[in-house]
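Since this is a predicted model, take the numbers as computed values, not measurements. Below, chains carry the letters A, B, ... as their sequence lines are ordered, and counting in each starts from 1.
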Amino acid sequence: MQYNPKEIEKKWQEYWDDHNSFEPKDDKTKEKRYILSMFPYPSGRIHMGHVRNYSIGDAIARNARKEGFNVLHPIGWDSFGMPAENAAIKHKLHPKKWTYENIAYMRNELNSLGLSFSKKREFATSDEIYTKFEQEYIIKMYKSGLMYRKENSVNWCESCHTVLANEQVEDGCCWRCGNEVIQKEMPGYYIAITKYAQELLDDLKMLEGNWPNQVLKMQENWIGRSEGLSFEFKLSNDSKKKLGNCFEGYEVFTTRPDTIFGVSYSALAPEHPIVKYLVEHKLIDEKKISIIKKMQNLSEKERSMQEKEGVALGIDVIHPLTNEKIPVWVANFVLISYGGGAVMAVPAHDERDYEFALKYNLSIKQVIRPKKDIKFDGAFTDDGILINSGEFSSLDSKTARAKIIEYFEKNSLGKKEINYKLRDWGVSRQRYWGAPIPFIHCPKCGLVPEKKENLPVTLPEDITITGEGNPLETHPSWKYCKCPKCGGDALRETDTLDTFVQSSWYFLRYATNPSKWQKIGIDKEDVDYWMSVDQYIGGIEHAILHLLYARFFTKALRDLGYIDVDEPFSRLLTQGMVLKDGTKMSKSKGNTVDPDEIIQKYGADTARLFILFAAPPHKELEWNDSAVEGAFRFIKRLYDRSEKVKPTDKIPLIEHNSLKKEEKFARKKVYEALQKSYQTYQKEYSFNTLIASCMEAMNALNAQDNVDIWSEAYFILLNILEPIIPHVCWELSEKYFDLNNFTKIEIKDEVFEEDSITLVITVNGKKRGDIEVAKDISKEEILDLAKKNIEKWIEGKSIIKEIYVPNKLVNIVVKG
RNA sequence: GCGGAUGUGGUGAAAUUGGCAGACACGCCAGACUUAGGAUCUGGUGCCGCAAGGCGUGGAGGUUCAAGUCCUCUCAUCCGCACCA
């Protein structure tokens with residue numbers, strides 16, 4: 001009997017296809033499990049990261065089926081996005097053709113791994129029917145104020161005529177043509193995710209313990225809530241006049257109101273309206289204007305890499321508590337997008353303000369002293385005791401913050417405010433291969449959403465992609481349309497949606513019965529049953545954006561009445577990367593291992609076994625060719641030794657007490673593996689130790705030759721291993737057990753009962769021997785035996801203490 | 001700077017509540033079977049030492065009968081965010 005993975009795997013993959021083995025049942029009375037691995041981008045071929053992702057998900061899904069749950073384990077394709085356009089430029093292929101050919105190819109690759117996906121629920125996000133409902137939701141969001149259009153500063157490449165994402169700007173230049181990137185004000189569509197900032201933050205608590213701590217913290221930091229004081233700096237009368245009485249003052253936000261008496265200047269962002277006014281009306285000299293303009297042309301990121309820089313604006317504001325005149329500067333480190341784009345500067349207690357004050361020789365006034373007498377250089381930024389702060393002097397920072405906020409509120413000078421770092425989500429892309437944003441610009445009616453009955457707004461197919469500009473913009477006819485409201489001539493929006501929009505609701509689409517997919521996007525009743533996802537598996541690289549957007553989208557769709565779910569993913573597992581030679585596998589480094597080749601050479605079962613055995617799922621996994629051979633050998637052994645098994649359709653009955661020692665031991669090892677299996681799926685998914693315990697069981701089985709023990713062991717081991725190496729397990733199970741062993745198996749406690757116990761004897765905590773004793777022996781007898789066992793270690797010494805830990809060890813503490 | 005992790009043999013790793021450090025596997029060594037072995041099987045394998053024994057979980061302290069595990073300090077590496085006032 002020769003193990004032939006190719007033959008076996010083909011046979012069972014066909015069997016599962018023919019029998020629709022992995023379609024979820026419609027019966028909603030059954031308890032469900034929704035197991036989801038993040039869907040792939042159809043880049044052309046699967047890589048080892050995919051193999052790992054889907055092997056983990058598949059094991060969890062198959063185990064859940066075995067335990068009797070109704071399991072939804074779907075797959076699909078995140079198929080819009082830039083690589084398709086890049087391929088179009090490079091290979092002169094239409095993005096659609098390229099994408100759908102890749103999908104067809106990768107579908108076969110995934111199939112060859114024997115993954116237990118539902119085939120009927122598969123879809124691609126670039127399918128027009130998917131776009132249709134996404135456009136419906138976007139319009140709904142627009143109508144309810146969750147989506148809006150505004151001007152904003154973006155990265156713009158003059159030679160490619162396109163907006164670039166932050167990641168596409170390399171050292172201030174376009175990643176493709178190398179030309180300088182400038183900041184340009186452009187209109188775009190935004191989703192008001194900030195409206196959900198607090199809920200997104202609060203609900204992280206629901207996920208504690210079920211999501212990796214790291215991811216929760218990353219989301220928390222990203223949302224970046226901070227509490228402080230917001231107040232108005234009023235302009236001095238002279239300054240007001242200078243600004244043509246167009247401004248009264250401006251708002252600033254601080255988290256350190258306790259340092260307010262130390263304010264020595266105020267700084268505005270280069271984009272602040274007052275700065276713009278001064279520049280436009282040439283109220284400051286040319287030299288300064290050109291410095292400001294230079295600042296405005298740099299992105300936030302580039303500014304952050306530059307030295308602090310600014311110019312005095314020649315205007316003053318009035319300190320709200322001391323009535324002193326405070327000079328106003330523009331500074332490149334002040335962000336327009338946070339806290340109103342203006343700050344109060346306290347050089348004595350803030351690093352940035354300090355650096356800036358030193359450079360421009362501005363005054364530094366200390367108003368906080370350390371609680372303990374410590375030395376410090378530069379700014380003292382910790383909490384301390386207030387000094388030189390009028391009636392608030394001698395308070396500690398924390399109390400002072402509360403009192404000062406209270407004072408501002410009482411005197412209507414300002415109020416307590418909560419700020420978030422989270423920004424609204426810009427979803428406009430000047431790209432072809434994306435979902436069209438379903439809006440129309442009408443010269444009479446303004447911005448008008450497309451009518452529901454006209455959805456989806458689909459992409460024109462007769463385009464050529466050059467990489468310069470947006471093909472939708474340059475298409476001869478596509479953008480010309482009639483206004484849905486007045487019927488007059490109008491222009492269609494040519495921006496497409498960020499691809500993160502598609503991945504923000506795909507899991508709800510899977511949960512909807514495909515028989516309804518033509519009529520509705522999401523079915524509330526179906527979603528009620530299947531959601532939330534019981535186990536989500538994917539890469540850590542999605543810790544922030546995808547997971548935050550998906551959480552937001554779920555809440556937004558809930559508030560729009562589509563669903564009744566608060567959090568989409570109850571449990572999250574972030575798998576580690578697959579490495580080779582210590583670094584991430586990548587084509588450019590030439591250290592990739594092609595999954596197809598491994599499957600060709602050893603079979604899918606070996607690939608799956610190795611990848612689950614080599615490291616726990618959340619850790620990085622170092623690829624090792626000879627360890628793959630080891631995995632292959634184990635499966636071969638499992639296959640070969642099955643000759644010892646006697647066919648049966650139910651688990652053999654064994655009289656445990658009549659067994660020999662080796663037989664009892666083998667049985668114990670088998671049931672230990674079963675127990676381990678139950679723990680593995682409840683807790684950490686530590687497949688590596690589960691597999692190890694199966695190997696231990698095999699090693700123990702080899703030391704005996706009882707047919708019943710072998711048969712019982714295979715009945716159980718094939719059950720445990722089925723989620724990991726399904727093909728060979730189905731093959732052997734069919735042969736010996738008529739596929740009757742893939743259900744929940746009861747643990748028999750009798751196998752764990754020992755006739756005798758082995759106790760370790762230590763002297764002063766060091767192991768010096770061991771004894772085997774009967775189970776029911778008394779403590780005194782044990783101590784006597786123990787002392788005899790290690791006599792030479794305690795000879796001539798006095799015993800100070802004797803410790804007996806039942807079933808484990810004896811420790812004798814001696815002196816001298 | 002802030003946040004999160006991780007440090008255990010030649011390698012990947014394991015170790016309920018503190019209780020035999022290194023399970024399981026890779027590699028290596030030896031042997032068996034073989035015309036042959038990059039197949040298979042059996043045995044060995046933390047380090048030093050001929051041995052008795054000693055040492056050993058990044059480092060230094062501490063708590064404890066007993067520490068990879070708890071506490072304090074410290075070093076190194078990785079990841080995320082980063083002028084957020």
Worksheet entry | Pairwise side-chain contact, A:Val252 with A:Thr254, heavy-atom cut-off 4.5 Å (strictly under) | no
Worksheet entry | Minimum side-chain heavy-atom gap A:Leu204-A:Arg551 below 4.5 Å | yes
Discussion item. Syn or anti for B:G9? Use the chi torsion, O4'-C1'-N9-C4 for purines and O4'-C1'-N1-C2 for pyrimidines, with syn inside 90° of 0.
Written reply: syn
Response to the item:
Expected string for nucleotides 25-30 of chain B under the B/S/- scheme (protein heavy atoms, under 4.0 Å, primed atoms plus P, OP1, OP2 as sugar-phosphate) is SSS---
Considering only side-chain heavy atoms of [X], which listed nucleotide, [options], is closest?
X: A:Phe333; options: B:A23, B:A85, B:G80; answer: B:A85
X: A:Arg641; options: B:G3, B:A85, B:C41; answer: B:C41
X: A:Ala692; options: B:C83, B:A23, B:C55; answer: B:A23
X: A:Lys808; options: B:G12, B:A85, B:G19; answer: B:G19

Discussion item. Only Watson-Crick and G-U wobble pairs with both distances less than 3.5 Å should count. Give RNA chain B in dot-bracket notation, marking inter-strand partners with |.
Written reply: (((((((..(((......[....)))((((((.......))))))(((....)))..(((((..]....))))))))))))....
Practice prompt. Determine the interplanar angle of the A:Phe632 and A:Tyr3 rings, folded into 0 to 90°, and report it as parallel if under 30°, tilted if 30 to 60°, perpendicular if over 60°.
Written response: tilted
Discussion item. Can you classify the ring geometry of A:His546 versus A:His542 as parallel (below 30°), tilted (30 to 60°) or perpendicular (above 60°)?
Written reply: perpendicular
Discussion item. One thing to verify: whether A:Glu271 and A:Arg303 come together as a salt bridge, which I'm taking to mean a side-chain N less than 4.0 angstrom from a carboxylate O.
Written reply: yes
Worksheet item: Any luck finding a side-chain donor-acceptor pair between A:Ser337 and A:Glu300 under 3.5 Å?
Response: yes
Item to complete: For A:Ser626 and A:Asn624, test the side chains for any donor-to-acceptor distance below 3.5 angstrom and give the result as yes or no.
Response: yes
Worksheet item: A:Val334 near the nucleic acid: base, sugar-phosphate alone, or nothing, with a heavy-atom cut-off under 4.0 Å?
Response: base
Discussion item. Within the 4.0 Å heavy-atom criterion, would you say A:Lys217 contacts the bases, only the backbone, or no part of the nucleic acid?
Written reply: sugar-phosphate
Discussion item. So if I take residues 338-350 of chain A and measure heavy-atom distances to RNA chain B, which residues fall below 4.0 Å?
Written reply: A:Tyr338, A:Val343
Practice prompt. Could I get the full list of ring-ring contact (aromatic ring centres under 6.0 Å, His included) partners for A:Phe380, not counting sequence neighbours?
Written response: A:Phe376
Worksheet item: Side-chain N or O of A:Lys636 less than 4.0 angstrom from OP1 or OP2 on B:U40?
Response: yes
Practice prompt. Check whether any side-chain nitrogen or oxygen of A:Asn688 sits under 4.0 Å from OP1 or OP2 of B:G12, and answer yes or no.
Written response: no
Which protein N or O atoms sit under 3.5 Å from an N or O of nucleotides 45-49 of chain B?
none

Distances under 3.5 Å between nitrogen or oxygen atoms of protein and nucleotides 63-65 of chain B:
{"residue": "B:C65", "atom": "OP1", "partner": "A:Lys801", "partner atom": "NZ", "Å": "3.4"}
{"residue": "B:C65", "atom": "O2'", "partner": "A:Asn811", "partner atom": "ND2", "Å": "3.1"}
{"residue": "B:C65", "atom": "O2", "partner": "A:Asn811", "partner atom": "ND2", "Å": "2.7"}

